[in-house]
Number of protein chains: 6
Amino acid sequence: MRPSGRDLSEMRAVSIETGVTKHAEGSCMIRIGDTHVLCTATIEDRVPPFIKGSGLGWVTAEYGMLPRSTTSRMRREATSGKQGGRTVEIQRLIGRSLRAGVDRVALGERQITVDCDVIQADGGTRCASITGGWVALRLAVNKLLKAREITTDPLISPVAAVSCGIYAGQPVLDLDYPEDSEAGVDGNFILRGDGQVIEVQMSAEGATFSRMQMGQLMDLAEAGAAQLVAAQLAAVA
Amino acid sequence: MRPSGRDLSEMRAVSIETGVTKHAEGSCMIRIGDTHVLCTATIEDRVPPFIKGSGLGWVTAEYGMLPRSTTSRMRREATSGKQGGRTVEIQRLIGRSLRAGVDRVALGERQITVDCDVIQADGGTRCASITGGWVALRLAVNKLLKAREITTDPLISPVAAVSCGIYAGQPVLDLDYPEDSEAGVDGNFILRGDGQVIEVQMSAEGATFSRMQMGQLMDLAEAGAAQLVAAQLAAVA
Amino acid sequence: MRPSGRDLSEMRAVSIETGVTKHAEGSCMIRIGDTHVLCTATIEDRVPPFIKGSGLGWVTAEYGMLPRSTTSRMRREATSGKQGGRTVEIQRLIGRSLRAGVDRVALGERQITVDCDVIQADGGTRCASITGGWVALRLAVNKLLKAREITTDPLISPVAAVSCGIYAGQPVLDLDYPEDSEAGVDGNFILRGDGQVIEVQMSAEGATFSRMQMGQLMDLAEAGAAQLVAAQLAAVA
Amino acid sequence: MRPSGRDLSEMRAVSIETGVTKHAEGSCMIRIGDTHVLCTATIEDRVPPFIKGSGLGWVTAEYGMLPRSTTSRMRREATSGKQGGRTVEIQRLIGRSLRAGVDRVALGERQITVDCDVIQADGGTRCASITGGWVALRLAVNKLLKAREITTDPLISPVAAVSCGIYAGQPVLDLDYPEDSEAGVDGNFILRGDGQVIEVQMSAEGATFSRMQMGQLMDLAEAGAAQLVAAQLAAVA
Amino acid sequence: MRPSGRDLSEMRAVSIETGVTKHAEGSCMIRIGDTHVLCTATIEDRVPPFIKGSGLGWVTAEYGMLPRSTTSRMRREATSGKQGGRTVEIQRLIGRSLRAGVDRVALGERQITVDCDVIQADGGTRCASITGGWVALRLAVNKLLKAREITTDPLISPVAAVSCGIYAGQPVLDLDYPEDSEAGVDGNFILRGDGQVIEVQMSAEGATFSRMQMGQLMDLAEAGAAQLVAAQLAAVA
Amino acid sequence: MRPSGRDLSEMRAVSIETGVTKHAEGSCMIRIGDTHVLCTATIEDRVPPFIKGSGLGWVTAEYGMLPRSTTSRMRREATSGKQGGRTVEIQRLIGRSLRAGVDRVALGERQITVDCDVIQADGGTRCASITGGWVALRLAVNKLLKAREITTDPLISPVAAVSCGIYAGQPVLDLDYPEDSEAGVDGNFILRGDGQVIEVQMSAEGATFSRMQMGQLMDLAEAGAAQLVAAQLAAVA
């Protein structure tokens, strides 16, 4: 019943390839089916003005899509003079989610910027960005630990994200683009490896939903996140 | 234990005053405690290009804060050259939420723009905007019905929104600013008068949360939304 | 002969309600007929770079219109990416006019920003902004005096503004929107309570004018300003 | 007593050189003392959307200063991403003033754009722009008349502008930069060759002013405008 | 003597991998040593307004660098609100160069947009973009030919680009980043497979140069371009 | 055979008038036929951040065209919100070219900004800007030498620029606008008075070119530059 023939609770194939660019302190290419996102982590000594002198660190994110990552070509945001509302919303979500897995005292007064650039899109780019972004962050932090610039690991637990939704009346895990564009309800679930929830966004897109359906989507999300965390840990091992 | 002395499940005083500006097709001033938002609804015959000729209507929203609606003065977005990420995120949420209560076929090919301008802020401005925005929308649609420009009521059920969060370890309803700035978990719940859920956003702000806590916040939200719907219906009666 | 039935030299009803927002150091809602402007004054310790270290104070103003303050909805300036020429011109006028009533040495090195936001427009919004803006400024300065942060009152005399014009060939006081859009000559007069003139702007809009007509408009303006000063003093008493 | 040694009612030397660029339909370099402005008029068949199909013509203006027209270099507006408030205010004034001398029915549905670019500034650039702008407009309209594209002359009467102010307590005509930067009161007067007034702007800059002083400045302005009109007519003869 | 140990006339390893994204009509990843550029070609039926109705086609290009393609992170152009001068200059060059290899009559009234996004930078990104861009263009045009949307091949000859410069006083081929940042003279040479020259840019960067040196650089460029053309033809075979 | 009747190797008349504005430290109006560019040089004590404290000087340039310098009116870049790609490309070229004639140690830690504003355009404005810009720079540097603010002349040799191209199949010197818009190959050559080459840009515009033609254009350029250098030296004598 799903366009891809997957079971309702079946994720797409997940692959995470690390060390894909030579300049970044941490990097990976995450592939969730045909959704491919290049994630890099950059360490800088400066922090945003509002925490200068606090001793606390900061993790932030930026998100972009290459113009032809999509079925038809999108306008490049650099030429339209600003990041669109969707982009800003997504990169705020990525940064907020990753910070929820970081002990900012242990990180110390430095900033890590995670860039997530979508090379090819087939639904679920924001979730792939969070999941891949954590891997890039992990690798960058490993460098700091190895160089003894920090002594306590500031990463509390992996952070992974997965989308779930109601498609053709059924709760399904990990929507691809054909499902996403038809789903009546669309949700993004950001979880930590220790089972704690970081963020839940469920949104009616045509259909509304009930509390029971919220529970069903949450069940799917927990199962999906567990698989993603396993892939993250394997990639950084 | 709450700074305001309210019970955990106690909302602030709600008042909705309609007909507050003479030009708009629908308008109200909604006051949730010290949060005051002016909501107006404007009917236009034109629709966005992507639905031109489809026969469907559109509801959209814009959100703004007066520079001194806040404790210290904010920069006016018109002078900074663009709407900030938070503003864009909020107005997309308002529009999406209101559309989930509208039968766009019955509305016909016209657009209603709901402007939500925060006159005074004390937490929960996006929820107040949605709740008040629905009242302005209702009044504007009533004009169309009375003028027989449309014959079927396109409003399916009232749309109301309330924030809940975990403050000092406890689930609380309707966070004011002192609570909001200290809450470990912050959630916005948009519900319909018929009990259907439109959107749920729960977000870790320092603390993460569990599935049990999600349920507790949802319970509070349902109780709060019921009170708001009653106030909406009284206002437009 | 006037659309409103008023006499040639008759102002609309004036009301000034103070203390309308809890955050601002000074605030009022001024209503001149159906023109309603919310004015707030914000005190800040910083001054613009060009007077830093001079010991002098600064008063500046910003102006905005809510999108549906007008008969048909205006585009929100925050979404169009900049303030329009009319807005910039008006807020420069408001700031310049208010400064002409201030002893900047007595004010000391601090800045007061007066925000004038039009809630409902029916002609004469810039004049209402100046008149209401002075009230907000007066209330904010009173706070400084009461807190003994300054010891000499820096406000020399009230500043009030009124429009006059030539409508249907006749000089009239305080143009409302129907008159304003038809007037052949349109003028704004900013005066002080001590009778001194701060600014005069008379402009042909279709018809030109003679020196004799300039005198007639000036007579009307002096009478109108006197009424406004009385309302200002009553409001802050 | 004036820095330049001029009498109180003495203008600077005025010269208007026509035909200074080969492309424009009308052009002149106006020199008022050391203030030099290049004015060009461009005729186009299209009109702004708001008068399309009305049969009426339009005259508009743009104003700019070369970066090193001033004592110290100004930032180029093209690099700062927008025209400043002062620029917008001035070009609106130039356009409005020139239109007050035009019969828009006789002009027919076409637009004339007058560009005023300050090559060297020494006070009074907006007045020089209006005065020189009219000459460029006159020359462009002459071309239309000569080519019989229009048959009735749409220019009612020359439009000239002059600044007056109160400098060191005395009313003076045609302020240069040293006077302008010290003047307590500053005024711009736009008049027509037939004696009608188009616009009067008098503004307190430190000092306020009385009605008697308004009359004295107006006397000076009328005398100055007469000299400018004579220079305009000589230039286009 | 070169930091990489290469001979003066030795290029870096070249690899061109085609079909790297599933959505684009043509795509490749070109790798010139550590410089990696993703090139995609998009076919659209619309053309720019200035050739509408002419029957001619258009080829244009856009260029971007991922924020962490460089040694230290660059600001994302989408957040700075515009493309920088260097970006605009490069994408104009790419488009101009590719068009010099296209018969625009044979292409017919359609537009092909070539996007060149630098994934990893180590000098010579603009040359790699042109060389890889032609491959993407070739693949897209092949699709049009195969679908019989066009019948005559509009691609006249391959277009390839290579940099040469004077490094440590010696003419060298294909500068990498360490050489590029130290070179006294820097040149970009765009050539066609048929030996014709499309564009030559030689620029002093500290040192100036002589006509004899121009000839030496041109010799190197011709040799380098021949290698690149061979790689292009192998990739699209 | 040239539209102007000139010989293939004949330049247009060149005139350079110095001291044309009273405020700039150096200025000239350069006229190459009907192309007229006003060049001014401004000395400032501050330098760009990237060389602060290095003891080195900086020379930079900005370029603009008056709206009606061209046959049909161009949009003013200040109103379109940014400098176009062509403008940015040209001003980068001017600055780079002039710097190649400057000993930045001898200049000392100060910046000279050369503004080139096109008053009337008839082809070759970028070359005229470089040639005239050097004259303005020379005059400004003379002031520094005369005032003994610097003791060693930082100007190594004059910098002059000329365009050559292939028009109607023939190599021609100094293209005017009718030639430029028809030329198959277009080149800009920036040379120093001592014969060294600073920059060469040759670009196919419809036709491609051969190495032999490159040599012919270079021959023309050297002859043209020699004439321009003679005119520069005469102007500053």
Side-chain angles (χ1 to χ4, degrees), chain A residues 19-29 31 33-46 60-84 86-88 91 111-122 136 140 177, chain E residues 19-29 31 33-46 60-84 86-88 91 111-122 136 140 177:
Chain A
V20 294
T21 95
K22 74 168 189 175
H23 298 305
E25 281 74 42
S27 72
C28 75
M29 177 75 83
R31 294 183 179 87
D34 278 336
T35 290
H36 303 174
V37 184
L38 178 64
C39 304
T40 61
T42 297
I43 304 171
E44 288 166 307
D45 281 333
R46 59 181 189 76
T60 187
E62 291 192 7
Y63 171 91
M65 299 185 84
L66 292 195
R68 198 56 201 282
S69 59
T70 42
T71 315
S72 55
R73 186 176 183 274
M74 294 169 52
R75 189 172 174 192
R76 196 176 281 271
E77 288 188 323
T79 69
S80 67
K82 61 169 183 176
Q83 296 184 304
R86 179 185 168 276
T87 295
V88 171
Q91 67 193 13
Q111 172 167 291
I112 302 185
T113 302
V114 175
D115 283 289
C116 302
D117 286 274
V118 179
I119 303 297
Q120 189 174 279
D122 187 36
Y177 182 73
Chain E
V20 294
T21 94
K22 74 168 187 172
H23 299 304
E25 280 75 44
S27 70
C28 75
M29 177 74 84
R31 294 184 179 85
D34 279 338
T35 290
H36 302 175
V37 184
L38 179 64
C39 305
T40 60
T42 298
I43 303 171
E44 287 166 307
D45 281 331
R46 58 179 190 77
T60 187
E62 292 194 6
Y63 170 91
M65 300 185 83
L66 293 195
R68 197 56 200 282
S69 59
T70 43
T71 315
S72 56
R73 187 177 182 275
M74 294 168 54
R75 189 171 175 194
R76 193 177 284 269
E77 287 188 323
T79 69
S80 66
K82 61 169 182 176
Q83 295 183 305
R86 179 185 167 276
T87 296
V88 172
Q91 67 193 14
Q111 172 167 290
I112 303 185
T113 302
V114 175
D115 284 289
C116 301
D117 285 275
V118 179
I119 302 297
Q120 189 175 278
D122 187 34
Y177 182 74

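Of the residues considered (Leu38(A), Val88(A), Asp122(A), Thr79(A)), Thr79(A) shows the highest number of contacts with chain E, using heavy-atom pairs under 4.5 Å. In terms of non-hydrogen atom pairs under 4.5 Å with chain E, the most contact-rich of Glu77(A), His36(A), Glu44(A) is Glu77(A). Heavy-atom pairs under 4.5 Å with chain E peak, among Ser72(A), Ala121(A), Gly84(A), at Ala121(A). Of all the listed residues (Thr113(A), Val20(A), Ile119(A), Thr87(A)), the one sharing the greatest number of non-hydrogen pairs under 4.5 Å with chain E is Thr113(A).
Proximity to chain A involves both the backbone and the side chain of Thr42(E), based on heavy atoms less than 4.5 angstrom apart. At a 4.5 Å heavy-atom cutoff, the contact between Thr70(E) and chain A is made by backbone atoms alone. Heavy-atom distances place no part of Ser80(A) under 4.5 Å from chain E, backbone and side chain included.
Between Asp117(A) and Arg76(E) a salt bridge is recorded (basic side-chain N to carboxylate O distance below 4.0 Å).
The shortest heavy-atom contact between Thr21(A) and Arg68(E) is OG1-O, 4.3 Å. For the residue pair Asp115(A) and Arg73(E), the shortest heavy atom distance occurs at OD2-NE, 2.6 Å.
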